[in-house]
**Student:** 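Below you will find the structure I want to go over with you.
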Amino acid sequence: MDAPRHHYAALDGVRGFAALSVMIYHLGHWLDVGGLAVNSGLAVDLFFCLSGYVLSLSYGTRMTGARGLSAGQFFRRRLVRLMPVVIVATMIGAAYVLLRGHLNGGDVAYAALLVAVVLALLDLPYLFAPHEIGGPQVFPLNGPQYSLFLELFINLFWWMTRRLDQRVLATAMIVICLPLVWMFGLGGDVPGTFWSGFPRVGASFFIGVALYRFAPVIPAVISGVPVFVMCLCLMLGLFFWPVVASRGIEMAWIAIFSPLLVISGARVRMSPALARASLWGGEISYPLYALHYPVFCWVNGLFQATMHARIAVVEIPLAAVMAVVISLLILRGVDEPARRMLSRRRPDAAGGAGYVMGKASVAVPVHQER
């Protein structure tokens with residue numbers, strides 16, 4: 001991570017809770033349990049906002065000048081951060097589709113499966129994926145990967161425009177994208193809504209960039225602990241409200257409350273115990289988000305093959321525990337070692353970051369941005 005090496009424990013905790021909420025929503029949706037965390041899809045917009053803020057913080061001194069990174073260098077860093085877990089998730093998903101096809105005695109669409117694997121490994125959408133392998137999702141082997149495609153797209157766009165005035169750029173992108181989100185809604189995961197994903201990521205990502213660039217003039221009174229607690233409670237209530245939110249509430253979350261949560265979380269100082277718990281939530285958030293879909297496919301498939309029934313009250317906690325455990329194993333056994341190995345040639349990859357917690361701090365390894 002580039003100087004300044006700040007790490008915000010509260011934001012890690014928020015990210016962990018958001019990833020857990022997304023998983024709970026998907027488990028309820030896939031198992032036909034109505035009213036379970038039905039608005040947790042808004043966590044995706046929070047992730048995009050966090051990304052814009054944290055990347056601006058991390059790479060602000062490397063955008064131009066003698067220490068500036070080229071587009072290729074920057075994009076390589078983003079690939080190193082995101083793709084190891086994506087590769088694992090793709091292999092898990094492809095193995096499930098293959099085994100399911102053989103056990104069910106049906107034909108396996110090998111050509112379509114190969115296309116899905118290749119595109120997923122390139123983090124590119126499969127717009128015409130057949131139902132047999134997970135279509136119509138544009139990432140049929142791992143549905144939530146659509147947001148990672150959008151993340152890398154907006155990251156590269158941002159870096160290609162880094163020489164522009166970032167305040168002007170962020171303001172312009174917000175003004176352009178927010179009305180489009182209002183008009184076309186939230187989407188990106190299936191062909192029918194795929195193109196609406198671009199203004200969605202553009203709005204939230206550049207709101208995050210604006211938070212960083214305008215931070216010196218954002219009053220402390222609207223970004224202190226009371227505001228953070230209020231926004232945290234609002235997120236909990238909104239995500240787990242059993243009725244789908246209206247477009248107006250979605251827009252209020254994207255344009256007002258998600259940004260307030262990010263900027264107030266960046267200014268909160270936590271106790272050592274809370275900071276360690278939040279750190280763990282931040283570490284597990286990305287692998288949990290990226291892996292819970294293929295893990296659920298395996299748990300659900302094996303459970304139904306064994307029990308010959310769908311029992312949501314058993315499958316949901318079973319799949320959730322398995323997703324957390326496997327995510328932690330992949331984080332420690334694959335993701336972190338792969339990133340260390342791929343980052344060895346980077347002269348600025350070493351070092352540590354400190355979590356500020358009141359008057360205390362905890363030294364932790366440098367974790368690159370989500």
Side-chain angles (χ1 to χ4, degrees), residues 1-2 5-24 26 40 43-44 46-55 57-58 77-89 92 142 144-145 147-148 151 155 208 232 235 261-262 265-266 268-295 319-343 346 349-357 360-370:
M1 183 182 286
D2 304 295
R5 296 186 185 276
H6 296 303
H7 227 111
Y8 297 104
L11 295 183
D12 270 336
V14 167
R15 189 163 57 239
F17 175 80
L20 184 65
S21 300
V22 171
M23 180 188 68
I24 293 172
H26 282 151
S40 292
V44 171
L46 174 62
F47 292 147
F48 291 150
C49 185
L50 277 165
S51 178
Y53 181 82
V54 173
L55 289 181
L57 171 71
S58 300
R77 287 165 172 252
R78 299 303 291 144
L79 292 176
V80 168
R81 176 63 187 96
L82 297 176
M83 290 308 293
V85 174
V86 167
I87 292 170
V88 173
I92 294 174
N142 188 12
Q145 192 179 339
S147 66
L148 304 181
E151 168 78 11
N155 291 172
L232 201 61
M235 177 176 71
L261 182 61
V262 172
V268 167
R269 297 296 177 255
M270 308 184 76
S271 68
L274 279 177
R276 288 187 179 91
S278 295
L279 169 59
W280 186 85
E283 287 180 330
I284 198 70
S285 63
Y286 174 57
L288 181 63
Y289 180 82
L291 289 164
H292 74 271
Y293 178 91
V295 170
V321 170
M322 289 299 298
V324 171
V325 170
I326 291 174
S327 296
L328 187 58
L329 291 174
I330 297 301
L331 173 68
R332 301 301 187 208
V334 177
D335 185 36
E336 290 179 344
R339 284 188 280 139
R340 282 195 297 267
M341 180 185 68
L342 294 171
S343 301
R346 283 174 26 203
Y355 281 78
V356 181
M357 304 163 293
S361 63
V362 175
V364 296
V366 171
H367 296 279
Q368 288 179 296
E369 308 78 10
R370 153 70 170 83

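No experiment lies behind these values; they were computed from the predicted model shown.
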**Student:** Can you name the side-chain contact (heavy atoms from CB on, under 4.5 Å) partners of L232, sequence neighbours left out?
**Tutor:**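 For L232 the side-chain contact (heavy atoms from CB on, under 4.5 Å) partners, ignoring immediate neighbours, are V14, F228, M235, L261.
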
**Student:** Roughly how far apart are R78 CZ and L148 CG, rounded to 0.5 Å?
**Tutor:**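 One gets 10.0 Å once the value is rounded to the nearest 0.5 Å.
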
**Student:** Distance check, rounded to the nearest 0.5 Å: Y286 atom OH versus I330 atom CD1?
**Tutor:**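 Atom-to-atom, Y286:OH and I330:CD1 are 12.0 Å apart.
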
**Student:** Looking at P287 and S327, what are the two nearest heavy atoms and their distance?
**Tutor:**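 Closest approach of P287 to S327, heavy atoms only: O-OG, 3.4 Å.
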
**Student:** Check step by step if side-chain contact (heavy atoms from CB on, under 4.5 Å) holds for L46 and V262.
**Tutor:** CA-CA 8 Å; L46 174 62; V262 172; 3.9 Å; yes

**Student:** How far apart are the C-alpha atoms of Y8 and R269, what are their side-chain angles, what is the distance that settles it, and do they pass the side-chain contact (heavy atoms from CB on, under 4.5 Å) test?
**Tutor:** CA-CA 8 Å; Y8 297 104; R269 297 296 177 255; 4.1 Å; yes

**Student:** My understanding is that only residues two or more places apart in sequence, or in another chain, count here; which of them pass side-chain hydrogen bond (donor to acceptor under 3.5 Å, both in side chains) with Y53?
**Tutor:**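 If we apply the side-chain hydrogen bond (donor to acceptor under 3.5 Å, both in side chains) test to Y53, skipping adjacent residues, there are no hits.
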
**Student:** If you look at every heavy atom in A320 and M23, which pair is closest and at what distance?
**Tutor:**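 Shortest heavy-atom contact: CB-CE, 3.7 Å.
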
**Student:** Say you draw a straight line from OG of S147 to CZ of F48; how long is it, rounded to the nearest 0.5 Å?
**Tutor:**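 Answer rounded to 0.5 Å: 5.0 Å.
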
**Student:** Which residues pass the side-chain hydrogen bond (donor to acceptor under 3.5 Å, both in side chains) test with D335, sequence neighbours left out?
**Tutor:**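 So D335 forms a side-chain hydrogen bond (donor to acceptor under 3.5 Å, both in side chains) with R339.
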
**Student:** What distance do S285 atom OG and D12 atom CG have between them, rounded to the nearest 0.5 Å?
**Tutor:**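 If we round to the nearest 0.5 Å, S285:OG and D12:CG are 7.0 Å apart.
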
**Student:** Of the non-hydrogen atoms in V80 and S343, which two are nearest, and what is the gap between them?
**Tutor:**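 Scanning both residues, the minimum pair turns out to be CG1-OG, 3.9 Å.
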
**Student:** Suppose we screen for side-chain contact (heavy atoms from CB on, under 4.5 Å). Which residues come up paired with V325, at least two apart in sequence or across chains?
**Tutor:**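 V325 satisfies side-chain contact (heavy atoms from CB on, under 4.5 Å) with V321, L329 once adjacent residues are dropped.
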
**Student:** Can you name the closest pair of heavy atoms from E283 and L331 and give their distance?
**Tutor:**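 It is O-CD2, 3.7 Å.
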
**Student:** Nearest 0.5 Å please: distance from the CZ atom of R77 over to the CG atom of L82.
**Tutor:**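 Result: 13.5 Å between the selected atoms.
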
**Student:** Write down the atom of P294, the atom of A290, and the distance for their closest heavy-atom approach.
**Tutor:**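 Looks like CD-O, 4.2 Å.
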
**Student:** Applying side-chain contact (heavy atoms from CB on, under 4.5 Å), name anything that partners V324, two or more places apart in sequence or on another chain.
**Tutor:**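 Applying side-chain contact (heavy atoms from CB on, under 4.5 Å) to V324 gives W280, L288.
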
**Student:** Going from CD1 on I284 to CG on L279, what distance comes out if it is rounded to the nearest 0.5 angstrom?
**Tutor:**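 The CG atom of L279 is 11.5 Å from CD1 of I284, to the nearest 0.5 Å.
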
**Student:** Aromatic rings H26 and H292: how do their planes relate, parallel, tilted or perpendicular, breaks at 30° and 60°?
**Tutor:**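 Answer is parallel, since the angle falls under 30°.
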
**Student:** Do you know the tightest heavy-atom contact between S278 and A9?
**Tutor:**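 Heavy-atom minimum between the residues: CB-O, 3.0 Å.
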
**Student:** Quick one: list whatever passes side-chain contact (heavy atoms from CB on, under 4.5 Å) with A319, sequence neighbours left out.
**Tutor:**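 A319 satisfies side-chain contact (heavy atoms from CB on, under 4.5 Å) with L27, F296, V299 only.
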
**Student:** Where do V44 and Y289 land on the side-chain contact (heavy atoms from CB on, under 4.5 Å) test, with the steps shown first?
**Tutor:** CA-CA 10 Å; V44 171; Y289 180 82; 3.7 Å; yes

